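Notes follow once the structure below has been shown.
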2 protein chains.
Amino acid sequence: MSLREEILEVSKDILIKDGFGKMSMRRIARRADVTATSIYLYFRNKDDLLLALIQESIDDLKEALEEVVDPSKDFIQQLEDMARAYIRFALDHPREYEIIYMVRPEEMPKYPREKFNEVRSAYELLADIIDRGKQENIIDVDDPLISAYTIWAQIHGVVSVMLNKRLDTRVPREKFTDQAVDHIIKGFIIQKTPV
Amino acid sequence: MSLREEILEVSKDILIKDGFGKMSMRRIARRADVTATSIYLYFRNKDDLLLALIQESIDDLKEALEEVVDPSKDFIQQLEDMARAYIRFALDHPREYEIIYMVRPEEMPKYPREKFNEVRSAYELLADIIDRGKQENIIDVDDPLISAYTIWAQIHGVVSVMLNKRLDTRVPREKFTDQAVDHIIKGFIIQKTPV
DNA sequence: CTGTTTACTTAACAGTGTTAACCTGAGTTT
DNA sequence: AAACTCAGGTTAACACTGTTAAGTAAACAG
């Protein structure tokens, strides 16, 4: 394994186990059995390293979503499967999910805005499904792009509230996600299709 | 103005204008014309100071929401007004909104979990409205608590996506929020009321 | 044997949160 | 008036942080 890979692995491990606050260049280096400056041979700076980690997490999320894509299935079922897969990934890999949204573009002005929009690659799967529903005349949305974003944003909100431990302890997670997914899909379906 | 207030004001100003990364104890102190250690006379540590700022922001958000509460209005209109007020506050005061969700409880283990759940005070307004709708038999939800959380989470997601600049540039903000609010409310209404 | 490149290290800079110890002036007690 | 207390600051220091400039040792090329 190359040092670059080693650094990525160690960083991820620290980030997941100990949180972002503990992920310092020197700590990473110590665990990878090198000096902190060596990291700069493979990453321009800490932000660059963080960006590489974000990219890895996005790929993992994307992979988890692709697993549930199944064109043979009912359209609405597809939507629900994807929503649930998204939520499950976030809850199973909270730290990994968080780093995707942790860094705000304005705090990393050196880096191309593009990089941040790559979360799209995950949302595009959603857009595809919606587009298929439109093609097959199952639903009638006027803009699949906006619809996909809307649904994605709502799911992200549901996930985010749980991850940030902002959910009332009296509210059971399962019931909450069930209802949320139900709300989101119904809100989307009702919009243009006559009931 | 007491030094404590001065510190809070300066901190908030730095946080809003220059971002969290620039909000250091020494910088705050320099601007308040004291030494960094003086801050520790009024706040146990930086997290404590941050918590005070979060509290202020929550109060501001709450205030903005209370302004639109109007029991004389139509139930659905109330829901929409509140959703829009929430989104407007977040977009008008992005940094202030962000700090509410910036700090995760697990990264501040010294502090009572309670403090973080105080975002509830904002969401409770929503729960009240839903409860009113239930009392007046306009809607039939089985758990207003969960419903309120669901709606709030969805709105937070919509806001969060925009603030994190994760929205596709082709998607106009206004159209996005319009559709999102529409989705959210319809998804909620449809659930139990016959159409 | 020399020159160059690769992969790393050492030393240092300027900054961070935080603590312990100290000072200074105002108010209170004796 | 002299002594004491104490709030409201200060200075100095510790152990850390990201990052850079310069140096080094080994591998390889001609």
Side-chain angles (χ1 to χ4, degrees), chain A residues 1-55 95 98-99 102-112 115, chain B residues 1-55 95 98-99 102-112 115:
Chain A
M1 186 165 51
S2 76
L3 181 52
R4 201 195 121 95
E5 286 170 303
E6 172 88 12
I7 290 168
L8 278 172
E9 193 165 294
V10 168
S11 309
K12 194 169 185 174
D13 192 62
I14 294 175
L15 196 58
I16 288 170
K17 286 186 181 148
D18 310 322
F20 180 67
K22 297 283 178 188
M23 191 188 112
S24 81
M25 299 302 255
R26 284 175 171 83
R27 189 182 294 259
I28 294 165
R30 215 175 301 134
R31 274 233 220 144
D33 248 324
V34 285
T35 19
T37 45
S38 292
I39 300 174
Y40 290 84
L41 298 171
Y42 302 96
F43 302 94
R44 284 164 51 199
N45 49 39
K46 199 184 179 184
D47 285 350
D48 195 33
L49 170 58
L50 201 58
L51 222 61
L53 289 174
I54 290 175
Q55 192 56 60
R95 284 260 165 69
E98 275 172 17
I99 64 169
M102 190 159 56
V103 185
R104 277 174 286 283
E106 60 258 39
E107 274 164 23
M108 285 167 69
K110 306 169 204 171
Y111 293 96
K115 273 278 174 193
Chain B
M1 185 166 51
S2 76
L3 181 53
R4 201 194 120 96
E5 287 170 302
E6 172 89 12
I7 290 168
L8 278 172
E9 193 165 294
V10 167
S11 309
K12 193 169 184 173
D13 192 60
I14 293 175
L15 197 58
I16 287 171
K17 285 187 183 149
D18 310 323
F20 181 68
K22 298 282 178 189
M23 191 189 112
S24 81
M25 300 302 255
R26 285 175 171 84
R27 189 182 295 260
I28 294 165
R30 216 175 301 135
R31 268 226 228 151
D33 248 323
V34 284
T35 18
T37 45
S38 292
I39 300 174
Y40 291 83
L41 298 171
Y42 302 96
F43 302 94
R44 284 163 51 200
N45 49 39
K46 198 184 177 182
D47 285 350
D48 195 32
L49 170 58
L50 202 58
L51 223 60
L53 288 174
I54 290 176
Q55 192 55 60
R95 284 261 166 68
E98 276 171 15
I99 65 169
M102 192 160 53
V103 186
R104 278 174 285 283
E106 60 258 37
E107 276 164 24
M108 287 168 68
K110 307 168 201 171
Y111 292 94
K115 274 277 173 194

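Source: prediction; values computed, not measured. A, B, ... follow the sequence lines: proteins, then strands. Residue 1 opens every chain.
A/R27 and A/I14 get closest at one heavy-atom pair: CG-CD1, 4.0 Å.
By the 6.0 Å and 45° rule, A/K46 stacks over the aromatic ring of A/F20.
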Candidate pair A/D18 and A/R31, rule salt bridge (Lys or Arg N to Asp or Glu O under 4.0 Å), full reasoning: CA-CA 13 Å; A/D18 310 322; A/R31 274 233 220 144; 3.4 Å; yes

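Considering CE of A/M23 and CG of A/L50, their distance stands at 5.0 Å, rounded to 0.5 Å. Atom-to-atom distance recorded for A/I7:CD1 and A/I28:CD1 is 8.0 Å, nearest 0.5 angstrom.
Taking a 4.0 Å limit (strictly below) on heavy-atom distances, residues 15-25 of chain A reaches DNA chain D at A/M23, A/S24, A/M25.
Rounded to an integer number of Å, the gap from CG of B/L41 to P of D/dC6 is 16 Å. A/Y40 places its OH atom 15 Å from the C1' atom of C/dT10, with the value rounded to the nearest Å. Between A/L3 atom CG and C/dC8 atom C1' there is a gap of 9 Å when expressed in whole angstrom units. Regarding A/I39, its CD1 atom lies at a distance of 10 Å from the P atom of D/dT19, rounded to whole Å. We find that NZ of B/K46 is positioned 15 Å from P of D/dT17, with the value rounded to whole Å. In this structure, A/D48 atom CG and D/dG18 atom C1' are separated by 14 Å, rounded to whole Å. The distance between atom CG of A/L51 and atom P of D/dG18, rounded to the nearest whole Å, is 17 Å. Atom CZ in B/R30 sits about 14 Å away from atom P in D/dT10, given to the nearest Å.
Using a cut-off of 4.0 Å between Lys/Arg side-chain N and Asp/Glu carboxylate O, B/K22 and B/D13 are scored as not salt-bridged.
Taking the side chain of B/T37 as heavy atoms from C-beta on, and the options C/dG17, D/dT10, C/dA11, the nearest nucleotide is D/dT10. Of the candidate nucleotides C/dG17, C/dT9, D/dG18, C/dG17 has the atom nearest to the side chain of B/R26. Distances from the side chain of B/Y42 to the nucleotides C/dT19, D/dG9, C/dT18 place D/dG9 closest. The side chain of A/S38 sits closest to C/dT9 out of D/dG9, C/dT9, C/dG17.
Between A/R27 and B/A36, the residue anchored nearer the 5' end of DNA chain D, judged by the nucleotide with its closest heavy atom, is B/A36.
Around the CD atom of A/E6, the shell of radius 6.0 Å holds more than 12 heavy atoms that belong to other residues, nucleotides or ligands.
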